[in-house]
Amino acid sequence: MIRHRCSNDSADSRFASRWLRFQKPARSASGRLPSIDDSTPRGRFELFSLSLLVGIIAGSTAASAADSSQLLNLFRTGQYSECVEASTKAIAESEFNENYRLLKLRSEMELGRYADAAETFEAALKNFSGSIEVRWWGRDVCRFNNQPERIAQLDDEIAKLVRQTPWRYSDSANRIIFGRFVLSQSGDPKQVLEGVYNVVKKFSPTYAPVYIACGELALEKNDFALAAQNFEQAAKHDPADADAPFGLAQAFAPSDAEKANAAIKQTMERNPNHIGCLLFVADEHIDAERYHDAETVLAQVETINPLHPQAAAYRAVLAHLRNQPESEKQYRGTALKHWATNPEVDHLIGKKLSQKYRFAEGAAHQRQALQFDARFLPAKMQLASDLLRLGEEEEGWKLANEVYEEDGYNVFAHNLVTLQESVTKFRTLEGDGIVLRMDAREADIYGHRVLDLLQRAKRDLCAKYNATLPAPIIVEMFPKQEDFAIRTFGLPGGAGFLGVCFGTVITANSPASQAAHPTCWEATLWHEFCHVVTLNKTHNKMPRWLSEGISVFEERQADPTWGQTINPLYRKMLLGDELTPVSELSGAFLHPKSGLHLQFAYFESSLVVEYLVEKHGLEELQKILVDLGNGLTINDTLARHTGSLDELDLAFAAFARQRAVEMARDADWSEPELPKRASTELLAMYLKEHPTNYAALQRQAKQLIADKKFSEAKQPLESMRRLYPNDASSDGHLVLLARVHRELKETPQERAALESLAKLTDDNVDLFARLSELTSQAGEWEATRQFAQRWLAVSPLQPAPHRIAAQAAEKLHDDHLVIDSYRALLLLNPIDVADLHLKLATALQRTGDLLAAKRQVLLALEEAPRFRAAHQKLLEIIKASEPATQPADKPTEAAKPMKPAAVSK
Ligand SMILES: [Zn+2]
């Protein structure tokens, strides 16, 4: 579960749902992933020499007779039964046409008539004993007739035939079959691409199937751009083929929903029975929690092939999500009925369960898939990823390494293996069942603050939700956004995400990666830790919206400046038609129209939780979580505790609209009908007639400020304040009012405006800086300390907040904070090193830690040997420590640079 940046950064809104199919990373030169399109050969697998084929070119075989093309058309338009019938007739008339047999066999396979397909295969093999294509399709026939041993035999035969008489298979169709075969035998994709497919392209540049084969290979390696290029070529050369738009749908899905949907539509127009495309659509429905729609599409697949293994696997997933274990088992049995050791089935079930946060259940299915076929890499990769999310890191890393060893083009494995190197350098801090991993320097500077915050979150939230957590809870903070993304999603990207929780593992961006838009890391971690609590409470069995809603709600409960609150944009969305029914809220996270819509989904979900707590009480919310944990569906649970989901949708919509209406009730939120550059006079005239128009007031205030008419600007600003006191935006009345008062040197009023603003925002560093300054100037050190702490909750890697915190702490005799602050400052490249060491020594001396104090003085003297104050302090400390410490403490030894400041508390 994810906490998104609370600004309107346009994150890739499709990222959350599609991280498994994301752009190939652009790695640095050293860590670059070899692409199948690279020009340097890898040559890991050389099954047998591809060069045998090169040079023997016959172009494509135009073997298809007129009725052969009619049969092909039946197959390509999804008329499989008709194709079987017609090809049976055609075979009777012309026994020695390989295409007839192949189309019959493939149609029978599409229809799930596996036994018939086996007969067709045997007959075909008898007539075409030298065909590698018959054998290639026969492999699948054997699988679905539970004859796995026969496949190895067919593999051997294909290899032997090509080796013995390569010229017989030099036409385009056979070359592509051969390429696919080499890939199935773990051949090097790059060699297949260059040595086989590119050769076909060279000699038959308009032959569409070669572009399909290249596109599919690129898709498999997550190279979506290359895939799209190839499928576009295929579509150009064969406009009637449904596989080309289907390939495009898959290539565009991670980046461009509109294009992907158009491609799906095109596929279905060409072949309404395209099983691959139907399953793809069902998969999307399941991701978006549109389970009913998924079932409708699966039913469509079952009318074509009642025993389709993937359709049955999806059914098993749906049964699992509905807590129907018996039915789940049955569907899995159906999926494995004709191929009892099909690793795809458990891999698919497990993958979907993991996407629903059921990582433990998902991992068990991947293990099962690997038991069926230990070489099935997708299962191994998914298991590695599941284990890393479950916090079982040792085995997770090991498996990722194994996958990378076996498939050097695997983007996920490559990324993880590279990431592991930087993670091993992290520092680990532990406390209260929490294992926190951070960059070592960051850990020294503010690691203890992070651990404190996490422990407080654990204590408060576990008590509130009556939850017990397993140990350890792993929290990893990444200074590099790319590393965060790889650890979280497996691939770079997702720039808008601050933190993600998988249940017992939290990953987050550290403040180091947020230079441009710093956010409050405390709020982020509180949000994520709340996910830890709710996900563990429900054993990860809760809809996305509810977990997000509770996390945002709990942010606001912990600190009113955290979490999202209503603003004019949300008000407009709530009152317009942007309100998503509760029953469809999870989809709003998966397919938001924009970054703003995604933000709004978080806000709306938190409002639902607020509604549930207000209307039904926290206890009911807890009961809902217990029920979900017991496997009840959200609909059933809500029906038990709050009435039906339909009622909830209606009641909540009314509640949300009421909230929107109540926000700045007296303000006129319409856009003023004024030219963009309206003059001051025109604005004033407009405001006479529309005195509560917020946008017009704001424009007037800004114009007056731009004209340096600061006193006059106060009037519209005060009106804005009366209408909408909680405006915390960067050009809201509080920010502008503070500016006006500052210009007019009205410091108390400036401070008052800033303090009002500070009650509404958690990440405005300029505000915290100015308030620290103003309060310190006024000698109000308690306030200074508070604002410095709030500043540190955003920017702990900047020296300025530590300096002001040290200053306040000195005045308040808060030695603990004094010591922390100087230690942090010493790690932030200060120029006054000796002075800081001396100040730290003095504070340590006050706490009675004379040994540490002495070390700091010696470090000060090492930096500045003639530093008189330090010499004096050294004498003082030595004198004070005489009865306790003996001369054993030799200066030469003590003068060694001390270890980084202790961080665990
Ligand atoms: Zn979240």
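All values below come from the heavy atoms of this structure, side chains included, with hydrogens, waters and symmetry mates left out. Predicted model only: the values in this text are computed from it and were never measured.
In terms of modelled atom types and a separation under 3.5 Å, the side chain of Asp223 and the main chain of Ala218 share no donor-acceptor contact. In this structure, Asn230 contributes its side chain and Leu226 its backbone to a donor-acceptor pair below 3.5 Å. Checked by atom type and distance alone, the side chain of Asp283 never pairs as donor or acceptor with a backbone atom of Leu279 at under 3.5 Å. Side-chain atoms of Asp483 do not come within 3.5 Å of backbone N or O of Leu419 as any donor-acceptor pair. Asn174 places no side-chain N or O within donor-acceptor distance of the main-chain N or O of Ile132, the cut-off being under 3.5 Å. Counting only distance, with no hydrogens or angles, the side chain of Asn509 and the backbone of Phe497 share a donor-acceptor pair below 3.5 Å. Looking only at distances, no side-chain donor or acceptor of Ser385 sits under 3.5 Å from a matching main-chain atom of Met381.
Considering every non-hydrogen atom in both Val345 and Pro309, the closest pair reads CG2-CB, 4.1 Å. Contact between Leu348 and Ala313 at its shortest, heavy atoms only, is CD2-CB, 3.8 Å. The two atoms that bring Ala234 and Ile212 nearest to each other are CB-CD1, 3.7 Å, heavy atoms only. The two residues Ile264 and Cys277 come nearest to each other via the heavy atoms CG2-SG, 4.0 Å. Taking every heavy atom of both residues into account, Asn342 and Phe144 meet most closely at ND2-CZ, 4.3 Å. When all heavy atoms of Ala400 and Ala384 are compared, the pair lying nearest together is N-CB, 3.7 Å.
Between Phe181 and Trp136, the two ring planes are perpendicular [angle over 60°; tilted spans 30° to 60°]. The aromatic rings of Phe502 and Phe359 sit perpendicular, their planes meeting at an angle over 60°, well past the 30° parallel limit.
With values rounded to the nearest 0.5 angstrom, Gln420 atom CD is found 13.0 Å from Ile486 atom CD1. Asp346 contributes atom CG, which lies 13.5 Å from atom NZ of Lys351 (distance to the nearest 0.5 angstrom). Atoms CD1 and CG, from Ile151 and Asp140 in turn, are 8.0 Å apart once rounded to the nearest 0.5 Å. Rounded to the nearest 0.5 angstrom, Arg106 CZ and Trp137 CH2 are separated by 3.5 Å. Once rounded to the nearest 0.5 Å, the distance linking CD of Gln310 with CD1 of Ile349 reads 11.0 Å. Here CG of Leu318 is found 8.5 Å from OH of Tyr331. Values are rounded to the nearest 0.5 Å.
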Let me see the working for Thr633 and Asn323 under side chain to side chain contact (heavy atoms under 4.5 Å, CB included), right down to the final yes or no. CA-CA 7 Å; Thr633 64; Asn323 198 29; 5.8 Å; no

Candidate pair Glu110 and Asn273, rule side chain to side chain donor-acceptor pair (under 3.5 Å), full reasoning: CA-CA 10 Å; Glu110 290 291 328; Asn273 291 331; over 6 Å; no

Derivation and outcome, side chain to side chain contact (heavy atoms under 4.5 Å, CB included), residues Val500 and His531: CA-CA 9 Å; Val500 170; His531 283 312; over 6 Å; no

Show the numbers, then the answer: is there a side chain to side chain contact (heavy atoms under 4.5 Å, CB included) between Arg358 and Leu321? CA-CA 10 Å; Arg358 317 272 169 102; Leu321 296 174; 3.9 Å; yes

Apply side chain to side chain donor-acceptor pair (under 3.5 Å) to Tyr409 and Asn222, showing your working. CA-CA 9 Å; Tyr409 298 100; Asn222 297 292; over 6 Å; no

From CA spacing to verdict: side chain to side chain contact (heavy atoms under 4.5 Å, CB included), Tyr404, Phe412: CA-CA 9 Å; Tyr404 187 54; Phe412 302 106; over 6 Å; no

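Donor-acceptor pairing under 3.5 Å is recorded for the side chains of Gln153 and Glu157. Counting only N and O atoms by type, the side chains of Glu361 and Asn540 include no donor and acceptor under 3.5 Å apart.
The closest side-chain heavy-atom distance from Glu295 to Arg315 is below 4.5 Å. Contact of the Phe478 side chain with the Val423 side chain is registered, since non-hydrogen atoms from C-beta on lie closer than 4.5 Å. Looking at heavy atoms from C-beta onward, Leu388 lies in side-chain contact with Leu416 at the 4.5 angstrom threshold. Under the 4.5 Å side-chain criterion, counting only non-hydrogen atoms from C-beta, Asn630 is not in contact with Lys541. Inter-residue side-chain proximity for Ile634 and Leu628 is flagged as met; some heavy-atom pair is nearer than 4.5 Å. Side-chain contact between Leu307 and Asn305 is present, with heavy atoms from C-beta onward closer than 4.5 Å. Put simply, the side chain of His365 does not reach to within 4.5 Å of the side chain of His347, judged on heavy atoms. By the 4.5 Å heavy-atom criterion applied to side chains, Phe246 and Phe231 are not counted as neighbours.
Screening Glu392, Glu476, Arg487 against Val505 for a side chain to side chain contact (heavy atoms under 4.5 Å, CB included) leaves a single residue, Arg487. The one candidate from Ile473, Leu535, Thr534 that meets the side chain to side chain contact (heavy atoms under 4.5 Å, CB included) condition with Cys501 is Leu535. Among Lys221, Arg375, Lys190, Lys380, the single residue meeting the salt bridge (Lys or Arg N to Asp or Glu O under 4.0 Å) criterion with Asp407 is Lys221.
The cationic atom of Lys259 (NZ for Lys, CZ for Arg) lies less than 6.0 Å from the six-membered ring centre of Phe252 and within 45° of the ring axis.
Within 6.0 Å of CD on Glu149 lie more than 12 heavy atoms contributed by other residues, nucleotides or ligands.
Salt bridge present: Glu395 and Arg367 bring a charged side-chain N and a carboxylate O closer than 4.0 Å. Classification of Asp386 and Arg389 as a salt-bridged pair fails, no side-chain N sitting under 4.0 Å from a carboxylate O. The pair Arg143-Glu344 fails the salt-bridge criterion, with no side-chain N (NZ, NE, NH1 or NH2) lying under 4.0 Å from an Asp/Glu carboxylate O. With salt bridges taken as basic N to acidic carboxylate O contacts below 4.0 Å, none links Glu289 and Arg544. A salt bridge links Asp287 to Lys352: one of the charged nitrogens lies within less than 4.0 Å of a carboxylate oxygen. Salt-bridge formation is not detected for the pair Arg332/Glu328: no Lys NZ or Arg NE/NH1/NH2 atom is positioned less than 4.0 Å from an Asp or Glu carboxylate oxygen.
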